[in-house]
Amino acid sequence: MNRIDRLTAILIHLQGKSRVPIDELEDRFGVGRRTIFRDIKALMQSGVPIGGDAGEGYFIVQGYRLPPVMFSREEAASLLLAAKLINQNADAETNRLVSEAMLKIRSVLKYSDRDFLETLENKVEILASPMNRTEGFPDSNINQIQTALVARKVLDITYYSNYNDSTTNRKVEPLGLVYYSSRWHMIGFCQMRQDLRDFRTDRIQKLNISNEEFDPDSHPDFLKFTRGMTEGSDAKEATILFSKDVVRYISEQRFHYGFIEEKVTEEGIEMKFITPRYEFVAQWIMMFSTHATVVSPPELQGMVAQKASQTFEHHKKYFEPAKIE
């Protein structure tokens, strides 16, 4: 990248954030600190009001605005792909806003680039996952949640719990939005449970941003909480089918075994877990006798079968086989 292009890119970068650390500029442009100093000085000498320093980071003084930014063909194509991905993985309001943003982007492109984008649009498609095709993706209040996250406002929500087919009213301090397992999840501090909880956004039936404020720094890191459930070098996935007769008894227990989501089936409630050790889950499943079935993986199925056999061998001396007459 030549210096003129780099100066323009630095100016756009500064305009896009309230404050930019110098390390961030070094990493993005692949140049040393002295070069960044010289570029910042050159921008200031040309009349751009830049504040800050190397310690605190740099910023554009409030009130200064860049002229309209043009998009390259490659940048517009990348945004088109992003818009198509969002279309399959976001709520109705977000999709509407993204569509309006894409129209604005198209409006500033050169005619040849517009033709390129229209042709590309018809050649690229994102197929919905089987889960999304089956259940759809309802309006899940993502934009309101984002507003509450930034404003640090408590949310009043009506939440449907699939595992026990119940609806509760909660006050939640939203800490973050995370996308995994083909769904958006709001991680927040539930005032009713007095603990961090994972709320699937498509299970939020009603949502209202209250006037009550909260301090997000008083809670654990929401990303660490989420990664603890879904990641880790030893993390393993398990799917277990519980009969509806016992589901109501495991409402809180499931979180201790890495519960991440569930769905209703004809046979019962199928729950998915992420756990570091199958041994813990196998021991827990034994509590439910024939009311729990391991759907996957085979390793856990075999482990549960072995424990059931060992339990039978241990206790069989206490009963006599039925006599056949």
Side-chain angles (χ1 to χ4, degrees), residues 16-18 79 82-102 104 126 128-129 131-132 134-231 251 254-255 258-263 272 274:
K17 290 188 172 183
S18 57
L79 291 171
K84 283 183 172 287
L85 283 167
I86 291 171
N87 183 256
Q88 295 294 344
N89 299 293
D91 61 305
E93 179 62 11
T94 299
N95 284 329
R96 183 185 69 80
L97 293 172
V98 169
S99 295
E100 291 183 0
M102 284 303 300
K104 293 178 181 178
I126 308 296
S129 68
M131 181 181 293
N132 284 355
T134 301
E135 301 179 23
F137 205 114
D139 188 344
S140 46
N141 305 296
I142 289 177
N143 278 282
Q144 286 181 282
I145 294 172
Q146 290 180 120
T147 299
L149 282 170
V150 176
R152 302 182 175 188
K153 297 287 189 179
V154 174
L155 291 172
D156 293 317
I157 68 172
T158 300
Y159 190 72
Y160 171 69
S161 298
N162 194 38
Y163 72 91
N164 61 359
D165 193 27
S166 67
T167 301
T168 56
N169 295 318
R170 312 276 190 105
K171 283 185 173 292
V172 179
E173 300 171 18
L175 302 175
L177 272 172
V178 183
Y179 185 82
Y180 69 87
S181 296
S182 301
R183 297 293 179 189
W184 281 102
H185 298 248
M186 178 181 70
I187 310 300
F189 180 81
C190 178
Q191 294 185 357
M192 183 172 74
R193 301 297 186 191
Q194 285 296 295
D195 202 359
L196 292 189
R197 283 291 183 265
D198 180 337
F199 299 93
R200 261 181 52 173
T201 59
D202 58 333
R203 298 264 170 82
I204 299 175
Q205 297 182 337
K206 294 181 181 179
L207 181 148
N208 180 61
I209 301 175
S210 73
N211 292 322
E212 181 182 349
E213 296 185 356
F214 71 96
D215 178 13
D217 295 332
S218 65
H219 300 304
D221 182 7
F222 79 93
L223 277 178
K224 185 180 293 185
F225 169 80
T226 310
R227 286 168 180 156
M229 296 189 301
T230 62
E231 295 182 1
S251 59
R254 60 188 181 147
F255 292 105
F259 167 82
I260 56 173
E261 65 178 14
E262 82 282 340
K263 66 178 180 179
K272 184 177 290 186
I274 298 291

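- Annotation: the span from Thr167 atom OG1 to Tyr159 atom OH amounts to 10.5 Å, rounded to 0.5 Å.
- Put simply, CG on Leu196 and NZ on Lys224 are 11.5 Å apart, with the number rounded to the nearest 0.5 Å.
- Atom CD of Glu100 is separated from atom CG of Asn95 by 11.5 Å, given to the nearest 0.5 angstrom.
- In this structure, Cys190 SG and Lys171 NZ are separated by 11.5 Å, a value rounded to the nearest 0.5 Å.
- In this structure, His219 and Phe225 have side chains that are not in contact, with every pair of non-hydrogen atoms separated by 4.5 Å or more.
- Looking at Glu93 and Gln144, their side chains never come closer than 4.5 Å, going by heavy atoms from C-beta outward.
- How far CG of Leu149 is from CG of Leu175: 8.0 Å, rounded to the nearest 0.5 Å.
- Contact check for Asp198 versus Ile260: no side-chain heavy atoms found under the 4.5 Å cut-off.
- With sequence neighbours excluded, the residues forming a side-chain hydrogen bond (donor to acceptor under 3.5 Å, both in side chains) with Thr158 are Asn169, listed by chain and number.
- Using a 4.5 Å cut-off on side-chain heavy atoms (C-beta onward), Met186 and Asn141 make no contact.
- Among residues two or more places apart in sequence or in another chain, the side chain to side chain contact (heavy atoms under 4.5 Å, CB included) test is passed with Leu79 by Phe71, Met102, Ile105.
- Leu177 places a side-chain heavy atom less than 4.5 Å from the side chain of Ile142.
- Counting only distance, with no hydrogens or angles, the side chain of Tyr160 and the backbone of Asp202 share no donor-acceptor pair below 3.5 Å.
- For the pair Arg197 and Val172, the minimum side-chain heavy-atom distance is 4.5 Å or more.
- Here the CG atom belonging to Leu207 is positioned 7.0 Å from the CD1 atom belonging to Ile157, to the nearest 0.5 angstrom.
- Closest approach of Ala148 to Leu155, counting heavy atoms only: CB-CD2, 3.6 Å.
- Ion pairing between a basic and an acidic side chain is recognised when a charged N comes within 4.0 Å of a carboxylate O; Glu213 and Lys153 show such pairing.
- Between His185 and Thr226 the shortest side-chain heavy-atom distance does not fall below 4.5 Å.
- In this structure, Glu261 pairs ionically with Lys272, as a charged nitrogen and a carboxylate oxygen lie closer than 4.0 Å.
- Checked by atom type and distance alone, the side chain of Ser210 never pairs as donor or acceptor with a backbone atom of Asp156 at under 3.5 Å.
- Here Phe214 pairs with nothing under the ring-ring contact (aromatic ring centres under 6.0 Å, His included) rule; sequence neighbours left out.
- Between Pro216 and Phe222 the shortest side-chain heavy-atom distance does not fall below 4.5 Å.
- One side chain, Thr94 or Asn143, offers a donor N or O that lies under 3.5 Å from an acceptor on the other.
- Considering every non-hydrogen atom in both Arg254 and Glu262, the closest pair reads NH1-OE1, 3.5 Å.
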